[in-house]
Every structure is written in C-alpha cells, then in structure tokens.
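What follows is a single structure, written as structure tokens, with notes after it.
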Amino acid sequence: MIHPSQSSVIIRPARNVTGSLRLPGDKSISHRYAMLAGIAEGTTRLENYSTGMDCSSTLGCLRGLGVEWHRGVDGVVEICGRGPMLKAPTEVLDCGNSGSTMRMLTGILAGQEFTSELLGDESLSRRPMARIMEPLSSMGARISAAVGDRPPLRISGGHLRAIDYPMPVASAQVKSSILFAGLFAEGKTRVKEPIRTRDHGELALKAFGAEVKIAGRAACLAGRQRLHGINATVPGDISSAAFFLCAAALFPDSQLTISELLMNPTRAGLLDVLAQMGLRISVTQMEERHGELVGTVEAVGGKLRGATVTGADTAALIDELPVLAAIAPYTSQGIEIRDARELRVKESDRIAVVAKNLRALGADVEEREDGMRIPGGQSLHGAEVDSQGDHRMAMAFSVAALRAQGETRILNAGAADVSYPGFYRVFEQLLER
Ligand code: S3P
C-alpha cells in the first residue's frame with residue numbers, strides 16, 4: 001500500500017497496465033501562460049493549469065511582483081494582468097525547484113525598471129545560469145549571481161536593446177527568456193537555436209497577441225508589443241504521460257487511453273520512439289488550441305524492441321529520457337542514448353542517477369559523458385533506489401520497479417510533487433497485479 005505523503009514509497013511488480021485518464025496541464029505551457037498573463041492587459045483564465053509545485057512557484061513569484069491571481073477549487077487559475085510593468089518586489093522571489101521559473105522570469109525581470117532577486121532550493125542553486133545571464137546582459141540588464149554563475153540571481157533591469165543571438169546551448173528555457181525580454185526591448189530580437197527545441201514560448205506569445213516570425217530554427221519578435229489576456233485550457237502534460245506510457249510498454253496486454261494530451265511535435269518524440277520499439281500507438285481527436293496540438297492517445301502493449309536516441313532527436317524527449325532508460329533492461333535489444341549531455345545539469349545529474357539506480361536494481365549499464373547504453377534482455381530485482389530529490393527519477397524508477405523481482409523502495413518519492421502531485425495514486429489505479 002502506498003502512502004503518497006511519506007517520503008518513501010514501495011512499488012510491487014505488476015502484470016499489466018489498463019485504464020483511461022486525463023492528465024493535469026503541461027508544466028512548460030502552464031509556466032509560460034502564467035508569466036505572459038501577468039504582463040498582459042486584462043484577465044487570463046486557465047483551465048487545467050499544472051498542479052505541480054514548479055508552476056505554483058511561478059504563481060508565487062508573480063504575486064511577489066504585484067500580479068493578482070486566484071485559484072478556484074476546480075483548479076481554474078484566473079490571473080489579472082498588470083500590463084508590461086510589474087511592481088518592485090519587497091522580498092526575494094522563491095523559484096523553489098523550478099529552473100523554468102528562474103530562467104524565463106529573469107527574461108521579464110530584465111525589462112523591469114527595478115532590482116529583484118531570485119533564489120532556488122538546493123538543486124536549483126547548483127544549476128547553470130550563465131546561459132541566460134550572457135544574452136540578457138548584452139541586451140542591457142545587469143545580472144549578478146553566486147560563484148560559478150549559479151543562483152541566487154540579482155537582476156537590475158530596464159531599457160533593453162534587441163539582440164540577434166545564436167544560442168550556443170539548445171534550451172527552450174533560454175529561448176523563451178530572451179524572447180520575453182525582447183518584448184521590452186527597442187528593436188527586433190532574434191534567437192537562433194542550434195537544434196529545434198520546444199516552441200511553447202513562441203506559440204504562447206502568439207496566443208497572447210504578439211507577432212512572432214519563425215524561420216527555420218530562428219524566432220524573431222519586435223519589442224514593445226502589447227499582450228492581451230486569454231481563456232485557455234492547458235493540454236495534458238506529455239512528460240507526465242511518459243511514465244504511464246512506458247509502464248504500458250512493459251506488458252504485452254496493456255491498454256491505456258490518455259485524452260486531451262499535448263501532441264506538440266517538439267515534445268512528442270517519446271511516442272515515435274515507443275512506437276518504433278513496439279508499443280502500438282494511435283492518436284485520435286486531434287485539434288489545435290492556441291497553436292498547440294492536442295489529441296487522445298491509445299497505447300496497446302506489444303513485444304518491446306530496443307532503440308537509439310541521438311542528435312536533434314534528443315530535444316523532443318529530453319525530459320522523457322530517464323524513464324526510457326528505466327525500461328531499457330526489459331527491451332529485447334536495449335537502449336542507447338547519445339548527445340544528451342544536458343541531462344547532467346537537470347534537477348539532478350540524470351545520467352549518473354539513472355545509472356546508479358539501475359545498477360541498484362541489478363542492471364548492467366554503460367554510463368557515458370553524453371548518455372548511456374543499457375543492454376536489453378536483463379532481469380532486475382527489487383531494491384532501494386533514491387530519487388535524489390528529482391521528480392522524474394522518483395516516477396521513472398516506479399516504472400522500472402514494475403517488472404523487477406520483489407519490492408522496490410523509492411526514497412525521496414515525494415519529489416514527484418514537483419511536476420505531478422497524485423502520481424502514485426493514479427499509477428496504482430492503472431496497475432493490475
Ligand atoms: C523546459 C525545457 C527543458 C526541460 C525543462 C522544461 C521548458 O529545459 O528540460 O523541463 O519548459 O522550456 P532546457 O531548456 O534547459 O533544455
């Protein structure tokens with residue numbers, strides 16, 4: 001029996017995954033909608049806003065900046081936009097565990113004529129911020145950080161000039177941060193990414209009424225555009241769906257339906273890989289909402305082959321790589337992940353933690369600087385594994401535990417709340433034993 005409030009949970013092996021569900025709103029989209037709503041004119045009404053702690057951190061910071069909002073019992077968040085100029089905060093803004101909050105909000109704060117400070121928890125305090133400090137400083141903001149360009153950040157904004165910025169790192173958070181700053185700049189801001197990353201920032205800006213030009217891997221917007229509030233329903237989080245889809249992939253008789261799920265092609269790479277591995281996936285009821293594709297996904301289990309994920313493909317499933325790696329030992333040919341060095345600077349060093357936890361379950365893993373190779377056809381045994389406070393690790397190893405012999409204890413399991421409170425309850429309901 002699982003007690004979600006406890007900091008560790010026990011997962012027992014399962015025989016099958018079946019059921020239908022709809023998921024809380026996508027985390028990446030929820031952050032962006034909330035931030036743009038704060039600087040828009042008029043009220044924004046968001047149904048199915050992410051229930052994760054990260055998106056609450058964004059709302060908390062917005063309140064500190066004078067943005068009023070209300071969250072109803074039905075989960076609907078109403079945000080009263082202040083227009084482009086926010087209020088100088090009287091306290092340090094707490095981003096919690098959320099790199100998205102810190103990096104993207106800094107783009108908006110760079111355009112504000114006051115000084116603000118952002119801090120994060122222990123994990124966020126280890127994450128690199130030079131990637132946003134450099135471009136935003138060249139736009140005219142003054143940003144200082146702790147040693148090694150780590151949080152906390154102190155931002156003195158105002159009077160920005162546009163830049164044409166070739167991004168050295170493929171990061172959607174950085175891209176959105178610069179585009180958000182571009183709204184406050186004189187002239188046209190252009191960012192070009194080395195490989196295509198999620199485009200929720202561009203689509204959200206358009207949804208709130210900004211004109212954004214996209215040409216290949218470049219996005220360009222003119223400064224001083226006014227935004228207006230929207231009514232939107234946030235599509236289900238595909239990164240949360242990943243845990244259920246990978247769990248379903250472990251059993252030939254699984255049958256899982258997830259409705260109103262985000263289907264944006266810059267995020268749906270996991271579906272292609274799982275389909276290639278043998279999970280039978282069909283998508284119906286596709287529609288577009290504020291530029292974002294949404295659909296109902298049906299997954300039926302099959303025999304699980306292996307896969308290789310490399311190059312530009314890694315971006316479209318970067319957050320799903322840990323759970324893909326977690327099911328790799330159970331595939332027939334194993335999984336190889338390359339060109340995914342960014343995994344080392346996420347909420348934890350996701351290459352090291354995946355390797356350590358898989359080994360604790362008895363798996364053979366070859367850890368590499370930019371990824372890993374996990375042979376297939378392995379039998380695992382239950383053990384104690386640690387999420388290291390990383391939400392995706394807690395959930396990924398709950399999935400790996402389903403086909404291990406015996407029980408697995410996940411330490412620091414409560415980390416799942418960062419993106420998906422209620423995960424363990426829903427997970428248990430879908431399992432047949
Ligand atoms: C995100 C982008 C990715 C991802 C993160 C959310 C976003 O990070 O890992 O969970 O919403 O833009 P990077 O931009 O650092 O790659």
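Order of appearance sets the numbers: ligands from 1, and atoms from 1 within every ligand. Values reported hereafter were calculated over all heavy atoms of this structure, with side chains retained and with hydrogens, waters and symmetry mates removed.
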Query raised in the report: Would I39 and V67 satisfy side chain to side chain contact (heavy atoms under 4.5 Å, CB included), going step by step from the backbone distance to the final call?
Result: CA-CA 8 Å; I39 55 167; V67 176; over 6 Å; no

Report task. Determine, using ring centers only, whether F423 and F244 are less than 6.0 Å apart. Result -> yes

Query raised in the report: Counting only N and O atoms by type, is there a donor-acceptor contact under 3.5 Å from the side chain of N48 to the main-chain atoms of V234?
Result: yes

Query raised in the report: Between E78 and T44, does any side-chain donor sit less than 3.5 Å from a side-chain acceptor?
Result: no

Which N or O atoms of ligand 1 sit under 3.5 Å from a protein N or O, and how far apart is each pair?
unit_1, atom_1, unit_2, atom_2, d
ligand 1, 8 (O), K346, NZ, 3.0
ligand 1, 9 (O), D319, OD1, 2.6
ligand 1, 9 (O), D319, OD2, 3.4
ligand 1, 9 (O), K346, NZ, 2.7
ligand 1, 10 (O), D319, OD1, 3.4
ligand 1, 10 (O), D319, OD2, 2.8
ligand 1, 11 (O), S28, OG, 2.7
ligand 1, 11 (O), R32, NH1, 2.8
ligand 1, 12 (O), R32, NH1, 3.4
ligand 1, 12 (O), R32, NH2, 2.6
ligand 1, 12 (O), Q173, N, 3.4
ligand 1, 14 (O), S171, OG, 2.6
ligand 1, 14 (O), A172, N, 3.0
ligand 1, 14 (O), Q173, N, 3.0
ligand 1, 15 (O), S171, OG, 3.4
ligand 1, 15 (O), K346, NZ, 3.4
ligand 1, 16 (O), K346, NZ, 3.1

Requested in this report: For the residue pair E298 and T257, confirm or rule out a side-chain donor-acceptor distance under 3.5 Å.
Outcome: no

Report task. Indicate whether the side chain of R409 and that of S8 have a donor and an acceptor atom separated by less than 3.5 Å. Result -> yes

